[in-house]
Structure formats: C-alpha cells, structure tokens
Asks: 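Supplied in structure tokens, the structure appears directly below.
Computed over heavy atoms, backbone and side chain alike; hydrogens, waters and symmetry mates excluded.
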Amino acid sequence: MNEFGIENLPPFQNPPSPDLGELSIVVNKLTKDQDIEAFAKSLSFELVTIEELSSVDILKTGDKKKKQGIVFLNFKIKSSVKKQLRSDFVSGALVKILSKNYGHFTDHNGNVAIVEHTSANPISPIHVGNLRNSVHGDTFARILERTGYKVFRHFYVNDLGLQVAFTVVGYEILRSKHIRPDIKIDHWVGKIYAIMNNFYYSQTTKVKYNLSANDLYFLSSKDVIIVEKRLSSDIKKLREDQRVAEQDQSVPKSKKKTLRDISIKIQKILDQIDEVSKLNSTGIDLRTRFPQIYSSLIIEVKSFDLTEKTRMYLKNFSQDTDERIVELFYEVVNWVLEGFMTTLRKFNIEFDQFDYESKVTHSGLPDELILKLRQSPNIKKVEGKAIRYSYPPEAMKEFRQNLGFTKNDLPIKGHIPELQLTRTDGTALYAAKDIGYSITKFESRNADVVYNVISVEQTLPQFQLLLPLYELGYKNIAKNMKHYSYENVELRGRIMSGRLALYVTADEYFDETFIRSRMAKRKSEVERNIAPPSDHDGWREDNDILLKVTQATTRFPLIETSPKKRIVLDLDRELDFRRNSGPFVQYAHARACGIIEKILSEKGFIPNVAVNPVDLIDDDSIFILTHLLNLKVRIDKAVNQLDPSIIASWCFELATKFMSYYEKYPVLNAENELQLKARLGLIEAVRIGLANGLSILGINPTNKL
RNA sequence: GAGUGCGUAGUUCAGCUUGGAUAGAACGACAGUUUGCGGAACUGUAGGUCGAGGGUUCAAAUCCCUUCGCACUCGCCA
C-alpha cells in the first residue's frame with residue numbers, strides 16, 4: 001500500500017448487489033492529485049495478485065445526473081475461500097445465537113438506571129396518549145436491561161394539583177351519599193373530575209366577570225353573551241391601539257414590539273371567549289351524559305363555596321396539616337392508581353415504585369433547595385417572596401464545559417427563558433418540586449442515569465432543571481438526567497379531552513383489539529376446519545394466545561415509529577391484522593415454533609448447533625444470521641438515540657425475511673437429513689431472535705396461533 | 001419576536017449522527033403463486049423534482065446558509 005502513498009485504508013463496504021462482488025472500496029478517497037481512473041487501474045493490477053481474490057473490478061458511476069464520478073473497486077473472493085469463510089461464519093453464528101445469553105449484553109453490568117414514565121394525572125383513566133408514554137417507557141427500560149443495567153421503573157404521582165383537589169371534594173360528596181362506583185374506578189373518577197372541573201371554572205369565571213351568582217356552578221348561554229360583549233369591547237380598544245401603533249413611525253424596533261404585544265393580547269382575549277363558551281357547552285354535555293353523578297354533585301356543591309373549599313383542601317394536604325383530608329386524597333389517588341395498574345398490566349407494564357409529589361413536598365426538600373438557591377447570583381427577586389431563576393450565557397457556558405456537553409448535546413441552543421420557582425407567597429411551584437424530586441430519585445436508587453419519559457411540550461421545563469441542579473452541587477444529576485421526549489398521539493376522527501371526559505381509554509383500546517383478534521382467530525379456524533376449544537384447558541390456552549396477540553397488536557403501533565414523530569392512530573387500520581406489524585411478528589414466531597415441533601414429532605430431531613454449516617452458506621441464510629447478530633448494534637443505537645422503534649423494525653425485518661426464506665427452503669421436505677438439520681438449526685435461530693425481539697418490545701411471544 | 005421538532009411514493013414511515021453505486025419498507029392499487037412444513041403467507045409490476053432555493057464537495061436525502069409549510073414551547077397551572 002505504501003508504494004501508492006496510501007496510509008489508511010478507508011473502510012470496506014458491501015456492494016449493493018452480490019453479483020458486483022463481496023467487498024468494495026471507494027477509490028476517490030485514496031488520492032487527491034492523481035487521475036482517479038488511472039490510479040484505480042494500477043491499484044487493481046496490484047491487488048488482483050492477492051491469492052484469495054478471484055477478481056478486482058473497476059466501476060465508475062456517471063450516467064445519472066447526481067452522484068457522478070465515483071470510482072469503486074469491487075473485490076470478488078475465490079469461491080473456495082468464500083465457502084470456507086461462510087462456513088466458519090455460520091458455525092460461529094449458530095453457537096452464539098443458540099446460546100442461553102443471546103440478546104443479553106454486559107456493557108452496563110453493575111450500573112443502575114431509572115426510567116420514569118407514564119406519570120399520568122391520577123384523576124382520569126389512562127388514554128391512548130398516555131399509553132404511548134407507557135409503552136415507550138416500558139420498552140426503553142427493557143432495552144436498557146438488555147445492556148446490563150439494573151432498571152427501576154418509577155411513576156411520579158402528581159397528586160398536589162388543583163384538579164386533584166376539586167376531584168377529591170366531589171368524591172367526598174358522593175361517598176357521603178353512599179354513591180359507589182358502578183364502573184372501573186379510574187373511569188368513574190374521570191367523570192367526577194370532568195364535572196367538578198366544570199363547576200370550579202364556571203364559578204371562577206362568574207366571579208371574575210361579576211356575573212349573576214344565582215346559579216354559581218353553571219355558566220349559562222346568557223352569561224357567555226355578557227362575557228363576549230365585554231371582552232369584544234376590550235378587543236375594540238386594542239384594535240384602536242394597534243392602528244395608532246402602526247401609524248407611529250418613530251422607533252421601528254419598539255414599534256414592532258408594542259404591535260406584537262397588542263396582537264398577543266387580542267389572541268388571549270379571543271381564547272378567553274372561546275373557553276367561556278366551552279364551559280357552557282361542556283356543562284350541558286356533562287349534565288346530559290352523566291345525569292346521576294351530576295345532579296348529586298350539584299345539589300351539595302351549592303351548599304358551600306367550591307373555590308374556597310378546594311383551596312383549603314389543597315393547602316391542608318400540601319402542608320400535611322389535616323389527617324382526615326390527607327387520607328381522603330390518598331384514598332382517591334391510590335384507588336385510581338390501582339385502576340391504572342390493572343389496565344397497564346394487560347399491556348405487560350408494571351412499576352417498581354410510585355413517587356408522590358405530596359411526599360416530596362412533605363419531606364421539606366423543595367423548601368430547603370429554595371432557601372439555598374436564594375443565595376444564587378442567578379436568582380432574581382420578583383414580587384413578594386417570588387423568585388425566578390435565570391440562565392446567563394456565562395453560567396450556561398461553564399455548565400456546558402464542566403459537564404462535557406457540546407452545544408449539540410443540548411436541546412436548546414439560544415437564550416433560555418427564566419424559570420419561576422416560587423409564588424408571591426413563597427410556596428414552591430412545580431419546577432422547584434421537580435428539582436427536589438430529581439435529587440430524591442437519583443439518591444433513592446443510587447442511580448447512574450435517569451430517563452424521564454415526558455412529552456415534547458416539556459422540553460424547556462425539563463432542561464431548565466439542570467442548571468439549578470448543577471449549581472446546587474448535583475453535577476452528576478445534571479449530567480445524567482435525560483429527557484426522553486416523545487410526540488403526541490392523535491386519533492383519526494376523534495377528539496380527546498379529559499375535561500370533557502372524552503377519550504379513547506387504554507382499556508377500550510385493549511378490549512376492542514382483544515375482541516377483534518378473537519374474531520380473526522375464529523375465522524381462520526373455520527377456514528382451516530379446526531374446531532374451537534371445547535374444554536376448560538383449551539379455552540384457557542386460547543385466551544392466553546389471544547392476550548399475547550393483543551399485546552402485540554396494541555403495543556406495536558405505538559412503538560414502531562420514532563418517538564419524535566406525531567402519530568395519528570387510525571383504529572380501523574391498527575385493528576386490521578394485515579396492516580399491523582405486531583401480529584405478523586407473532587405469527588412468524590408461532591410458525592417457527594410450529595415447524596420445530598412438527599419436526600420433533602415426525603422425525604425426532606431437536607435443534608442443535610452441531611450442523612453441517614455448508615448447508616447454510618446461501619445468501620439468504622447468511623443474511624438472516626447476520627441480521628440476528630446485528631441485534632447488539634441495534635440495541636446500542638436504540639439506547640443512544642432514545643428510539644426503541646429501531647428494535648421494532650429489527651423484529652419486523654427478521655419476520656419478513658424468515659417468511660420468504662421459509663417459502664423458498666423446505667425444511668421438513670429437505671433433500672437430505674443433513675440439510676434438514678441445518679435448516680432446522682436456522683429456524684431455531686430465527687425463533688430465538690423473534691422471541692428475544694418480542695420480549696424486548698414487552699410482548700410475550702406465543703408458540704401457537 | 002425567540003427557541004425546538006417535523007416535511008422523503010396515493011398513505012404511514014426508514015435512511016440523515018459518520019456524505020459514496022439503482023433513495024428502502026409496509027399499506028393501498030394492479031398481476032401472479034396454493035393437491036401446503038400453519039394463506040394472518042409468498043412472488044412480481046406500477047408509483048419519488050427526498051418542501052423550495054443557494055453553497056461546500058470528485059460525490060448531497062444526508063453537512064452549511066436562506067426560505068416556505070405544519071406542530072409545540074416561552075415567569076406564578078401541574
């Protein structure tokens with residue numbers, strides 16, 4: 001190589017088609033000043049003398065408009081050598097894949113990771129939007145486990161909100177009237193939440209706009225009209241200001257700013273009008289949809305001031321000052337959480353720990369941190385006891401450099417807006433509690449890394465936590481707390497809103513899928529003239545299979561696209577098994593199991609690594625084995641990119657390849673026994689790969705369908 | 001006004017970190033395969049100015065700049 005002036009050989013790559021050769025190299029990279037084609041020619045003359053090579057071809061692109069002038073050297077290896085290389089590869093690959101620890105890696109042995117996910121508000125059932133969070137969190141946790149991490153799954157319980165407080169007030173009313181839930185608890189509480197939410201905001205709106213108080217918890221259409229009138233006169237004034245500002249040409253920059261401010265104000269008022277009119281329509285809607293709960297609640301609520309009671313309850317709960325109220329909160333929240341668990345268990349999702357926002361607050365940690373942060377040069381005092389944390393560029397630079405982040409590692413490159421930590425009365429806001437929670441989380445498990453699975457809207461608040469943590473001396477936490485961000489879920493043709501108690505719940509999604517899989521299974525049994533199970537055991541087995549298929553069908557659509565992409569779930573499409581990759585992968589696995597079992601019963605062979613590798617040196621077998629060994633690369637990529645969809649595609653590709661392999665290469669009817677055993681070994685390798693892949697995706701593989 | 005993400009076939013997406021040959025799948029459309037090792041299958045065909053424009057390069061979907069479209073975020077809700 002030296003005589004050509006080449007010091008480092010660029011990496012070999014695989015030609016796009018096998019008939020071009022086994023390996024190739026781009027000649028353009030090797031020389032700058034010489035004529036590339038001449039250079040390639042002399043190089044090929046030299047290289048073709050290598051004993052193992054049968055030919056070295058030169059190929060130049062250039063017919064198309066794009067990417068022209070690339071010169072490749074394509075190497076073909078002598079067939080005898082190739083055969084030997086492939087045989088060695090096959091033997092080695094089979095040993096690795098058929099071993100017990102295939103799919104389990106040790107890079108992070110001894111390390112601890114926490115994945116915080118789902119963390120849905122404990123006042124309405126889990127819907128498919130939350131479920132995307134759960135499925136991503138759970139799958140990612142499983143991927144981390146495969147790299148050797150000890151993983152703990154945490155659920156952050158937001159139990160300290162206003163919404164929880166008025167829901168608790170509503171719950172207490174119904175309990176005192178002995179009205180018990182007649183449906184799954186989280187669904188039931190979801191109704192209470194929607195109704196109480198409407199009461200609460202109807203009241204505050206009435207007070208704010210001085211509306212007649214005779215029906216304090218219901219905003220009538222008359223009220224809406226009054227508010228509209230008042231606000232539209234405000235808009236008129238603003239429009240006037242806008243016109244004045246437009247004509248003023250004195251300072252162009254500040255002029256722009258006031259104009260912008262005015263248009264923001266106008267937009268805000270328009271939003272207010274919209275919200276008020278929605279309060280009216282939602283009230284009517286809830287009253288008609290849930291008449292019993294609605295009327296029971298409204299009668300009682302009229303006897304007290306809801307706003308005041310809600311604040312009082314929240315204050316007592318937050319400061320841990322009234323045992324009865326504290327217990328009431330936990331009664332509601334824990335009961336709903338049980339409902340969540342029942343739901344998520346169907347999807348194969350469980351938690352190691354629930355962390356309550358209230359308990360973090362009761363520990364006093366957030367207040368301590370605020371006390372310390374008050375001394376920080378980055379703190380700005382606002383009104384009263386309110387403080388804000390700011391992010392000066394110098395501080396950010398130091399943060400970045402000391403923690404070894406490059407600019408591209410950070411989610412936000414430019415200026416970071418200030419973060420308010422306390423209210424005017426000095427009490428901690430959510431952000432301050434989150435700083436406290438981050439510390440508690442890390443320390444409780446002595447964790448090396450924490451992944452917070454939170455939707456993309458939270459990118460800024462999540463990032464804002466890091467500098468205060470760093471400044472407080474928690475450098476490790478600031479470095480190793482990662483926001484696993486995901487985009488939202490939309491449903492084709494349906495609106496989702498907790499306030500309206502309108503959502504496709506995770507329960508419905510699962511149950512509907514289960515029913516459809518049962519129908520599909522029956523249909524296929526009829527076509528194949530198989531009788532449905534008649535005895536108890538048969539029925540149980542049938543049910544078990546359907547549960548596993550349903551897991552695949554429900555989880556796959558939520559995980560198969562990158563978390564950064566917004567997905568639109570079309571239930572008709574997801575429930576059509578031919579269009580959903582989940583059941584397809586399950587099917588491939590079941591089919592592999594079926595073949596292995598059949599060969600055992602008919603020939604008495606058990607899959608084994610001791611096969612004649614020459615029977616597996618065809619391109620298709622090599623491709624499958626290479627793909628199986630590639631799992632490690634895919635897992636690492638999924639971890640680095642925070643993207644489990646990489647594993648979902650890996651499974652799907654394996655299943656597809658196996659299906660076509662299976663059409664092409666008969667196993668039971670192989671030409672001879674050696675060939676049969678070799679192919680059986682390959683099928684076993686595929687089976688192991690699919691079982692591993694499914695299990696990483698949180699889907700229990702089924703060996704029958 | 002600032003920030004972030006996304007934009008690739010009729011549809012849903014992969015590929016972009018680290019530039020390299022003919023831009024890959026799936027669904028849908030169309031045409032085939034089956035006396036079966038499980039048809040929830042397989043084989044094939046058609047379908048693309050990679051949002052637009054410019055730059056860097058021997059070479060750009062990929063890197064840089066500009067621009068358009070969509071979504072989200074920007075101090076007392078959690």
Asks: Pull out every protein N or O sitting under 3.5 Å from an N or O of nucleotides 56-58 of chain B, one pair per line with the distance.
Replies:
| unit_1 | atom_1 | unit_2 | atom_2 | d |
| --- | --- | --- | --- | --- |
| B/rC58 | O2 | A/N28 | ND2 | 2.5 |

Asks: Does the side chain of A/D355 pick up a donor-acceptor pair with the side chain of A/Y437 at under 3.5 Å?
Replies: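 Yes.
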Asks: Evaluate side-chain hydrogen bond (donor to acceptor under 3.5 Å, both in side chains) for A/T554 paired with A/Q551, printing each intermediate quantity in order.
Replies: CA-CA 5 Å; A/T554 50; A/Q551 277 173 5; over 6 Å; no
Asks: Would you mind classifying the nucleic acid contact of A/L460 as base, sugar-phosphate or nothing, using non-hydrogen atoms under 4.0 angstrom?
Replies: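 Since only primed, P, OP1 and OP2 atoms lie under 4.0 Å of A/L460, the category is sugar-phosphate.
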Asks: In whole angstrom, give me the gap between the P atoms of B/rU22 and B/rG38.
Replies: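 So the two P atoms sit 43 Å from each other.
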Asks: List in chain and number order the residues that pass side-chain contact (heavy atoms from CB on, under 4.5 Å) with A/S581, two or more places apart in sequence or in another chain; answer none if no residue qualifies.
Replies: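 Residues passing side-chain contact (heavy atoms from CB on, under 4.5 Å) with A/S581: A/F556, A/E560, A/F652.
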Asks: Please tell me whether A/F354 and A/Y356 form a close aromatic pair, meaning their ring centres lie under 6.0 Å apart.
Replies: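 Not close enough - the centres of the two rings lie 6.0 Å or further apart.
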Asks: When the nearest nucleotide of RNA chain B is assigned to A/N121 and to A/Q420 on a heavy-atom basis, which residue is associated with the more 5' position?
Replies: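 With A/N121 and A/Q420 compared, the 5'-side residue is A/Q420.
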Asks: So if I apply the ring pair (Phe, Tyr, Trp, His ring centres under 6.0 Å) rule between A/H627 and each of A/Y661, A/W650, A/F658, which one comes out positive?
Replies: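 It is A/W650, the one option of A/Y661, A/W650, A/F658 that forms the ring pair (Phe, Tyr, Trp, His ring centres under 6.0 Å) with A/H627.
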Asks: Using a heavy-atom cut-off of 4.0 Å across all strands, would you classify A/Q458 as base, sugar-phosphate, or nothing?
Replies: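 Contact class for A/Q458: base.
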Asks: In whole angstrom, what separates A/L429's CG from B/rA78's C1'?
Replies: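 Taking atom C1' of B/rA78 as the reference, CG of A/L429 is at 10 Å.
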Asks: Does CZ in A/R499 sit with more than 12 non-hydrogen atoms of other residues, nucleotides or ligands closer than 6.0 Å?
Replies: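 No, the 6.0 Å shell around CZ holds no more than 12 heavy atoms from other groups.
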Asks: Which part of the nucleic acid, if any, lies within reach of A/E457 when heavy atoms closer than 4.0 Å are counted: base, sugar-phosphate only, or nothing?
Replies: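 The answer is sugar-phosphate, as A/E457 gets under 4.0 Å only of primed atoms, P, OP1 or OP2.
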Asks: Are B/rA21 and A/F72 stacked, with the base six-membered ring and the side-chain ring centres under 5.5 Å apart and planes under 30°?
Replies: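 Yes, A/F72 stacks on the base of B/rA21, since the ring centres sit under 5.5 Å apart and the planes are within 30°.
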Asks: Assign A/D434 to base, sugar-phosphate, or nothing according to its heavy-atom contacts below 4.0 angstrom with the strands shown.
Replies: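 Touches nothing.
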Asks: side-chain hydrogen bond (donor to acceptor under 3.5 Å, both in side chains) with A/D643: which residues, sequence neighbours excluded?
Replies: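 If we apply the side-chain hydrogen bond (donor to acceptor under 3.5 Å, both in side chains) test to A/D643, skipping adjacent residues, the hits are A/S645.
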Asks: Between B/rG75 and B/rU12, how far apart are the two P atoms, rounded to whole Å?
Replies: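 Result for the P pair: 33 Å, nearest Å.
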Asks: What is the pairing partner of B/rA25, taking Watson-Crick or G-U wobble pairs with both distances under 3.5 Å in any strand?
Replies: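 Result: B/rU12.
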Asks: Which is true for A/P461 with a 4.0 Å heavy-atom rule: it touches a base, it touches only sugar-phosphate, or it touches nothing?
Replies: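 No contact.
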Asks: Which nucleotide sits closest to the side chain of A/P417: B/rC74, B/rA71, B/rA26?
Replies: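 When the side chain of A/P417 is considered, B/rC74 is the closest of B/rC74, B/rA71, B/rA26.
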Asks: Taking the minimum atom-to-atom distance to the side chain of A/T561, which one of B/rC13, B/rA25, B/rC76 wins?
Replies: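 Taking heavy atoms from C-beta onward, the closest nucleotide is B/rC13.
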Asks: Out of A/H483, A/Q462, A/Q458, which residue meets the side-chain hydrogen bond (donor to acceptor under 3.5 Å, both in side chains) rule with A/N452?
Replies: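 Considering A/H483, A/Q462, A/Q458, a side-chain hydrogen bond (donor to acceptor under 3.5 Å, both in side chains) with A/N452 is found only for A/Q462.
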Asks: Considering residues at least two apart in sequence or located in another chain, which fulfil the salt bridge (charged side-chain N to carboxylate O under 4.0 Å, His left out) criterion with A/E653?
Replies: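 Residues passing salt bridge (charged side-chain N to carboxylate O under 4.0 Å, His left out) with A/E653: A/R634.
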Asks: Within this structure, what is the CD-to-P distance between A/E418 and B/rA2, rounded to whole angstrom?
Replies: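 A/E418 atom CD is separated from B/rA2 atom P by 19 Å.
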Asks: State the pairing partner of B/rU33; accept Watson-Crick or G-U wobble contacts with both distances under 3.5 Å, and report none otherwise.
Replies: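 In the structure as shown, B/rU33 has B/rA41 as its Watson-Crick or wobble partner.
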Asks: Report which part of the nucleic acid A/S485 touches: base, sugar-phosphate, or nothing (heavy-atom distance under 4.0 Å, all strands).
Replies: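 No contact at all - A/S485 keeps every heavy atom at 4.0 Å or more from the nucleic acid.
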Asks: Taking atom P of B/rU12 as reference, at what distance in whole Å does atom CD of A/E574 sit?
Replies: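 Roughly 12 Å, once rounded to whole Å.
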Asks: Side chain of A/E383 only, heavy atoms from C-beta on: which candidate in B/rU73, B/rC13, B/rC76 is closest?
Replies: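 Closest nucleotide among those given: B/rC76.
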Asks: What distance do A/L668 atom CG and A/R679 atom CZ have between them, rounded to the nearest 0.5 Å?
Replies: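 CZ of A/R679 is found 12.0 Å from CG of A/L668.
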Asks: Starting at the 5' end of RNA chain B, which residue's closest nucleotide do you reach first, A/N158 or A/L20?
Replies: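 The 5'-side residue here is A/L20.
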Asks: Think A/K380 forms a cation-pi with A/Y389, using NZ or CZ under 6.0 Å from the six-ring centre and within 45 degrees of its axis?
Replies: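 Geometry flag: not set, cation outside 6.0 Å or 45°.
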Asks: Could you list the protein-to-nucleotides 5-9 of chain B atom pairs, N/O on both sides, closer than 3.5 Å?
Replies:
| unit_1 | atom_1 | unit_2 | atom_2 | d |
| --- | --- | --- | --- | --- |
| B/rG7 | OP1 | A/K565 | NZ | 3.2 |

Asks: Show the distances under 3.5 angstrom between N or O atoms of the protein and N or O atoms of nucleotides 35-46 of chain B.
Replies:
| unit_1 | atom_1 | unit_2 | atom_2 | d |
| --- | --- | --- | --- | --- |
| B/rC37 | OP1 | A/N669 | ND2 | 3.0 |
| B/rC37 | O3' | A/K598 | NZ | 3.4 |
| B/rC37 | O2' | A/Y662 | OH | 2.5 |
| B/rC37 | O2 | A/L668 | N | 3.3 |
| B/rC37 | N3 | A/V667 | N | 2.9 |
| B/rC37 | N4 | A/Y662 | O | 2.9 |
| B/rC37 | N4 | A/Y665 | O | 3.3 |
| B/rC37 | N4 | A/P666 | N | 3.2 |
| B/rG38 | OP2 | A/K598 | NZ | 3.4 |
| B/rG38 | O2' | A/Y587 | OH | 2.5 |
| B/rG38 | O6 | A/A590 | O | 3.3 |
| B/rG38 | N1 | A/L705 | N | 3.3 |
| B/rG38 | N2 | A/L705 | O | 2.9 |
| B/rG39 | OP2 | A/R591 | NH2 | 2.2 |
| B/rA41 | O2' | A/R591 | NH1 | 3.3 |
| B/rA41 | O2' | A/E663 | OE2 | 3.4 |

Asks: B/rU56 pairs with which nucleotide, Watson-Crick or G-U wobble, both distances below 3.5 Å?
Replies: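 Because no pair has both required distances under 3.5 Å, B/rU56 counts as unpaired.
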Asks: Quickly work out the A/F75 CZ to B/rA21 P distance and round it to whole Å.
Replies: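 Going from A/F75 (CZ) to B/rA21 (P), I get 17 Å.
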Asks: Check the chi torsion on B/rG75 and let me know: syn if it falls within 90° of 0, anti if not.
Replies: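 Syn.
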Asks: When rounded to the nearest Å, what value does the distance between P atoms of B/rU57 and B/rG19 take?
Replies: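 It comes out at 16 Å once rounded to the nearest Å.
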Asks: For a quick check of understanding: with a heavy-atom distance under 4.0 Å over all strands, which category does A/T459 fall into, base, sugar-phosphate or nothing?
Replies: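 If one applies the 4.0 Å heavy-atom cut-off, A/T459 turns out to touch nothing in the nucleic acid.
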Asks: Give one of base, sugar-phosphate or nothing for A/R566, where a contact means two heavy atoms less than 4.0 Å apart.
Replies: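 Answer is sugar-phosphate: A/R566 comes under 4.0 Å of backbone atoms only.
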Asks: Quantified in whole Å, what is the C1' atom distance between nucleotide B/rA21 and nucleotide B/rG15?
Replies: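 Roughly 16 Å separates the two C1' atoms.
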